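As structure tokens, the structure follows; a few thoughts come after it.
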Amino acid sequence: MQQSDTWDHDVAARYDTPGEGMFAPAVLIPTVDRLVELAGPGPVLEFAIGTGRVAVPLTERGVRVAGIELSGPMIEQLRKKVDEATIPVVQGDMATAAAPPGQYSLVYLVFNTISNLLTQREQVACFHNAARHLRPGGRFVIELWVPELRKLPPGQQATVWRCEPDFIGLDTYDLLTQHVVSHHLSIGEDGQTRLFGSRHRYVWPSELDLMAQLAGFELVARDEDWSGTGFTAESRSHVSTYRLRTD
């Protein structure tokens, strides 16, 4: 299955969960606040813009936003919120596609999306593509989870990350390829079950930093979250900010 097939019409139609999950104000407001701060005069570019979870509120805050998105159905959902003139979007692979013309002050990737690129080569190419779009000194910001391999019992390949009466979430790991399949099993009020799975390549922070160096970036900040909580050995995620070197 191609990654574009994962984000089909059915998934795109159910993607937004207003006020809940990653759309909850406690999650979304700190994200937007931090990106507004980093954007400066703009414009900014979002890789994997999706349905506009972050881009739309950024635009409402006066930031000029453009995007790249692989999935046509996700772009269709975005277009129900804003038109092409408000947020121009190019359909394509964020590792290679060229965005609408302009020199951007900020490129950003939120909610683990760089892991949707399933090879190290593609992930490195994503950094190079960000560099091509940025003006000298511009920032590239990535939000990503920290692989939870310490939770794997000896000889096992799966970790359960959520277990509720109507939802079970687990990740299965392939340690050789650094691939993860995230499985989401939900049970509706009618008793019907729905299974969604997405494939990812996990990346350690140190590996991400090397990718950045190869593309001409330097790390300037790493926090646990968008609110600036300090990153520690126990952190489950990170927000890493890279600056494009001017030398």
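Predicted, not measured: the structure shown is a model, and the values here were computed from it.
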Side-chain donor-acceptor pair present, Tyr108, Glu46, cut-off under 3.5 Å: yes
Using distance alone, with no hydrogens and no angle criterion, decide if Thr229 and Glu224 have a side-chain donor and acceptor under 3.5 Å apart. no
Report yes if some heavy atom in the side chain of Arg64 is under 4.5 Å from a heavy atom in the side chain of Val44; otherwise report no. no
Starting from Val63, can I reach Leu28 by hopping between I/L/V/M/F/W/Y residues whose side chains sit under 4.5 Å apart? yes
If you measure from CD on Gln178 to CG on Leu149, what distance do you get to the nearest 0.5 Å? 8.5 Å
Run the side chain to side chain contact (heavy atoms under 4.5 Å, CB included) check on Asp33 and Arg61 step by step: do they pass? CA-CA 9 Å; Asp33 285 347; Arg61 294 278 296 273; 2.9 Å; yes
Please report the interatomic distance CG(Leu117) to CG(Leu109), rounded to the nearest 0.5 Å. 8.0 Å
Do the side-chain N and O atoms of Ser182 and Asp171 include a donor-acceptor pair separated by under 3.5 angstrom? yes
Atom CD1 of Ile87 and atom CD1 of Ile75: how far apart are they, to the nearest 0.5 Å? 12.0 Å
Identify whether Leu38 and Val27 are in the same connected component of the hydrophobic contact network (ILVMFWY, side-chain heavy atoms under 4.5 Å). no
Main chain of Arg236, side chain of Glu148: is a donor-acceptor contact present, judged purely on distance under 3.5 Å? no
Enter the distance from Arg243:CZ to Leu134:CG here, rounded to the nearest 0.5 Å. 11.5 Å
For the side chain of His133 and the backbone of Val107, is there at least one donor-acceptor N/O pair under 3.5 Å apart? no
For the backbone of Gln103 and the side chain of Arg135, can you confirm whether one donor and one acceptor N or O come within less than 3.5 Å of each other? yes
With no hydrogens and no angle check, is any side-chain donor or acceptor of Asn129 less than 3.5 Å from a backbone partner on Ala97? yes
Would Leu106 end up clustered with Val90 when hydrophobic side chains under 4.5 Å apart are linked, directly or stepwise? no
If you measure only the distance, is there a donor-acceptor pair under 3.5 Å linking the side chains of His200 and Ser198? yes
Could you pull out the closest heavy-atom pair between Val203 and Pro147, with the gap in Å? O-CD, 3.8 Å
Is Glu143 reaching over with its side chain to a backbone N or O of Asn112, donor-acceptor style, under 3.5 angstrom? no
Compare all side-chain heavy atoms of Leu175 with those of Leu152 and state whether any distance is below 4.5 angstrom. yes
Looking at Val65, Thr51, Ile49, Val82, which one forms a side chain to side chain contact (heavy atoms under 4.5 Å, CB included) with Val56? Val82
Are Ser206 and Asp209 linked by a side-chain donor-acceptor pair shorter than 3.5 Å? no
Does the side chain of Ser240 come within less than 4.5 Å of Leu219's, by heavy atoms? yes
Applying a strict under-4.5 Å side-chain criterion to I, L, V, M, F, W and Y, I'd like to know whether Val146 and Trp161 cluster together. no
For the residue pair Ala158 and Pro153, what are the closest heavy atoms and their distance? O-CD, 4.1 Å
Exercise: identify the closest heavy-atom pair between Tyr173 and Thr159: CE1-OG1, 3.8 Å
For the residue pair His183 and Thr172, confirm or rule out a side-chain donor-acceptor distance under 3.5 Å. yes
For the residue pair Asn116 and Leu70, establish whether any side-chain heavy-atom pair is separated by less than 4.5 Å. no
Just by modelled atom types, is the Gly50 backbone N or O under 3.5 Å from a matching donor or acceptor in the Glu69 side chain? yes
Can you give me the closest heavy-atom contact between Phe231 and Asp223, atom names plus distance? CB-C, 4.0 Å
Within the 3.5 Å criterion, strictly below it, is a donor on Glu207 or Gln120 matched to an acceptor on the partner's side chain? yes
As an exercise, state the distance from OG1 of Thr86 to NZ of Lys81, rounded to the nearest 0.5 Å. 13.5 Å
Counting the benzene-type ring for Trp, do His238 and Trp204 have ring centres under 6.0 Å apart? no
Any residue meeting ring-ring contact (aromatic ring centres under 6.0 Å, His included) with Tyr242, in chain and number order, not counting sequence neighbours: Phe127
Under a 4.5 Å cut-off applied to non-hydrogen side-chain atoms, are Leu35 and Trp226 in contact? yes
Look only at the side chain of Arg201 and the backbone of Ser115, and say whether a donor-acceptor pair between them is shorter than 3.5 Å. no
Give a yes or no on this: more than 12 heavy atoms of other residues, nucleotides or ligands lie within 6.0 Å of atom CD of Glu76. yes
Atom of Ile68, atom of Gly92 and distance for their closest heavy-atom approach: CG2-O, 3.5 Å
List the atom of Thr113, the atom of Met94, and the distance in Å for their closest heavy-atom pair. O-CE, 3.3 Å
Kindly say whether Leu118 contributes a backbone atom to a donor-acceptor pair with the side chain of His179 at under 3.5 angstrom? yes
Out of curiosity, Leu185 CG to Phe167 CZ, how far, rounded to the nearest 0.5 Å? 8.0 Å
